[in-house]
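A short write-up of the structure that comes next.
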Amino acid sequence: MKGPTYSTVELLARLVAFDTTSHKTNLPLVLFVEDYLAQHGIASDLVPNEDGTKASLFATIGPKKAGGIALSGHTDVVPVAGQQWDTDPFRLTRKGDRLHGRGTSDMKGYLACVLASVPQFRRRALKTPIHIVFSYDEEIGCVGVRPMIAELGRRLPRPRMVLVGEPTCMTVVDAHKGPVRWQVEVTGRAVHSSMAQLGVNAIAYAGRLIGELARIETELAAREPDNRFTPPYPTLQVTLIEGGTASNIVPVACRFGFEVRALPGLQIEAIEARLRAFADEHCLPEMHRIAPETGITIRQTNAVPPFAVDPAAEVVALALRLAGCNETHAVSYATEAGLFQDAGAPSVVCGPGDIAQAHTANEWIAASELDKCMAFMERLGEWAET
Ligand SMILES: [Zn+2]
């Protein structure tokens with residue numbers, strides 16, 4: 001079957017034109033991809049979200065057998081709201097070697113390269129299946145890929161390895177940090193501020209908890225540095241806070257969020273356990289003495305696992321060879337690689353474009369990056385044939 005052939009740039013223009021900001025539907029884009037693949041004789045498996053407004057796509061080129069290599073990317077992009085763009089962010093605009101548009105680097109440029117390589121993959125007598133794995137809601141905490149990963153080894157084949165095409169300038173990334181986020185809610189007792197001794201000040205207790213987090217942060221920073229990362233230690237910070245009602249009321253509620261950017265191997269549970277122990281020992285007894293209805297809840301809201309692949313893994317050697325590199329790198333931004341890795345599919349991150357352009361106004365990708373990625377895909381096709 002001979003489906004339509006578009007250039008990589010044409011495909012990128014089509015993909016950028018779909019406004020797939022994470023809070024919107026990605027279905028028009030996914031249906032476009034499904035249709036494009038169908039025209040090349042490739043069936044897609046869609047894994048929808050609960051209300052059917054978004055979907056991941058899984059498709060296989062080549063033999064229907066276990067294993068294979070997955071090309072993984074997310075379809076969603078970050079918002080443009082509040083950013084000053086010189087061009088329409090949803091219309092691919094070329095200026096010299098630079099192709100501007102939301103998602104060009106992060107990461108529709110990669111999706112375009114994967115799709116533009118489909119005719120090349122189809123032409124070959126592949127011995128190793130090549131899977132196309134496109135997710136949604138990556139930008140809000142790698143949420144959308146999880147139901148699809150849950151199907152690997154069940155309804156969907158489990159890839160032997162995964163190439164995640166987040167922007168690395170086509171270098172090979174074999175480790176990254178993982179952001180883990182918590183929400184803490186302190187419930188106090190409201191009274192008139194002239195009778196403070198009868199109230200429980202939720203903001204004051206939140207302050208104590210934040211003080212403990214600052215001590216933990218200092219300890220994390222003093223750990224044995226891992227100089228592959230910048231900074232070379234796990235970071236911890238309070239990211240959001242709200243509380244209080246009025247300037248003459250002892251505050252009944254305070255909520256704050258904090259985040260740890262974990263290095264591979266960090267004991268995340270130990271951090272939460274320590275904060276709980278501090279609350280149990282240094283906050284709750286006093287709070288309950290005044291008002292039994294008071295309390296502190298600590299809830300993990302999102303965890304993207306830190307990622308590190310065994311340096312001896314087949315996927316590392318393969319990606320280095322295909323990319324023409326001889327060393328791997330570690331980065332501080334997170335991707336879906338850790339989730340695939342934890343699901344038993346060794347992964348690396350390697351994709352076109354520079355993370356420095358991701359999420360910015362006037363986001364762009366160099367056309368030369370797309371060319372490098374296309375050459376990578378050509379070599380991948382050759383490899384999958386042998
Ligand atoms: Zn991304």
Okay, side chain of Arg208, backbone of Ala204: is any donor-acceptor separation there less than 3.5 Å?
no
So, Lys372 and Glu369, do they make that salt bridge, N to O below 4.0 Å?
yes
Contacts satisfying ring-ring contact (aromatic ring centres under 6.0 Å, His included) that involve residues 111-157 (not counting sequence neighbours) are Phe58-His131
Is there a path of hydrophobic side-chain contacts, each under 4.5 Å between heavy atoms, that joins Leu322 and Ile61?
yes
Contacts satisfying ring-ring contact (aromatic ring centres under 6.0 Å, His included) that involve residues 322-347 (not counting sequence neighbours) are none
So the salt bridge (charged side-chain N to carboxylate O under 4.0 Å, His left out) pairs with at least one residue in residues 15-27 (sequence neighbours excluded) are Asp19-Lys24
All heavy atoms of Leu57 vs all of Val30, minimum pair found to be CD1-O, 3.9 Å
Sorted by chain and residue number, the salt bridge (charged side-chain N to carboxylate O under 4.0 Å, His left out) partners of Arg228 (sequence neighbours excluded) come out as Asp174
ask   = Are more than 12 heavy atoms from other residues, nucleotides or ligands located less than 6.0 Å from atom CD of Gln197?
value = yes
So does Arg91 have more than 12 non-hydrogen atoms from other groups sitting under 6.0 Å from CZ? no
Salt bridge present between Lys127 and Glu385 (N-O < 4.0 angstrom)
no
Looking only at heavy atoms, the pair that brings Gly165 and Pro352 closest together is O-CD, 4.1 Å
Output for pair (Ile130 CD1, Leu163 CG), nearest 0.5 Å, gives 9.5 Å
Review point. Is it true that the side chains of Arg274 and Gln267 contain a donor and an acceptor less than 3.5 Å apart?
Key: no
Shortest non-hydrogen pair, Leu111 vs Gly73, comes out as CD2-CA, 3.9 Å
Shortest non-hydrogen pair, Gly144 vs Ser56, comes out as O-OG, 3.5 Å
query = Do the side chain of Thr128 and the main chain of Leu126 share a donor and acceptor less than 3.5 angstrom apart?
reply = no
Output for pair (Lys54 NZ, Leu46 CG), nearest 0.5 Å, gives 15.0 Å
- Query: Phe32, Val133: one ILVMFWY side-chain cluster at the under-4.5 Å cut-off?
  - Reply: yes
Original post:
Is any side-chain heavy atom of Ser72 closer than 4.5 Å to a side-chain heavy atom of Val162?
Top reply: yes
The complete set of ring-ring contact (aromatic ring centres under 6.0 Å, His included) pairs with one or both residues in residues 162-188, sequence neighbours excluded, reads His176-Phe307, Trp182-Phe258
So side chain to side chain donor-acceptor pair (under 3.5 Å) across residues 108-117, not counting sequence neighbours, yields Thr20-Lys108
Quick note, salt bridge (charged side-chain N to carboxylate O under 4.0 Å, His left out) partners involving residues 324-350, not counting sequence neighbours, are none
Test side chain to side chain contact (heavy atoms under 4.5 Å, CB included) applied to Ile298 and Gln183, step by step | CA-CA 6 Å; Ile298 300 167; Gln183 168 98 356; over 6 Å; no
Starting from Val77, can I reach Leu370 by hopping between I/L/V/M/F/W/Y residues whose side chains sit under 4.5 Å apart? no
Residue pairs passing the salt bridge (charged side-chain N to carboxylate O under 4.0 Å, His left out) test with at least one member in residues 299-317, sequence neighbours excluded, are Arg160-Glu314
Rounded to the nearest 0.5 Å, the CZ atom of Arg14 sits from the CG atom of Leu115 at a distance of 11.5 Å
dist Leu15:CG -> Leu92:CG (nearest 0.5 Å) comes out at 10.0 Å
For Phe256, the ring pair (Phe, Tyr, Trp, His ring centres under 6.0 Å) test, sequence neighbours excluded, returns none
Next on the checklist: Donor-acceptor pair, distance only, cut-off 3.5 Å: does the side chain of Ser332 make one with the backbone of Thr230?
Outcome noted: yes
Exercise. Is a donor on one side and an acceptor on the other found under 3.5 Å between the side chain of Arg189 and the backbone of Val200?
Worked result: no
On a heavy-atom basis, the closest approach of Val9 and Arg94 is CG2-NH1, 4.5 Å
Do any N or O atoms from the side chain of Glu363 and from the backbone of Thr104 form a donor-acceptor pair under 3.5 angstrom?
yes
Sorted by chain and residue number, the ring pair (Phe, Tyr, Trp, His ring centres under 6.0 Å) partners of His359 (sequence neighbours excluded) come out as none
Q.
Would you say His23 and Thr21 are linked by a side-chain donor-acceptor pair, where the criterion is simply a distance under 3.5 Å?
A. no
Item to complete: Salt-bridge test for Arg215 and Glu217: reply yes if a basic N is under 4.0 Å from a carboxylate O, no otherwise.
Response: no
_Main-chain N/O of Met148 paired with Arg146 side-chain donor or acceptor, under 3.5 Å_ = no
Separation between CD (Glu212) and SG (Cys283), nearest 0.5 Å, reads 9.0 Å
Residue set satisfying ring pair (Phe, Tyr, Trp, His ring centres under 6.0 Å) with Phe278, at least two apart, ordered chain then number -> His282
Whether His192 side chain and Ser194 backbone form a donor-acceptor pair below 3.5 Å: yes
Check: Donor-acceptor pair, Ser105 side chain versus Trp364 backbone, under 3.5 Å?
Finding: yes
Do the non-hydrogen side-chain atoms of Tyr205 and Leu284 ever get within less than 4.5 Å of each other? no
Scanning both residues in full, the closest heavy-atom pair of Ser135 with Asn26 reads O-ND2, 4.3 Å
Requested in this report: Check for a donor-acceptor pair, side chain of Tyr233 on one end and backbone N or O of Asp226 on the other, with a separation under 3.5 Å.
Outcome: no
Worksheet entry | Under 3.5 Å donor-acceptor, Asp354 side chain and Pro167 backbone | no
To the nearest 0.5 Å, atom CG of Asp371 lies from atom CE of Met170 at 11.0 Å
side-chain contact (heavy atoms from CB on, under 4.5 Å) filter on Thr53, not counting sequence neighbours, yields Asn49, Asp51
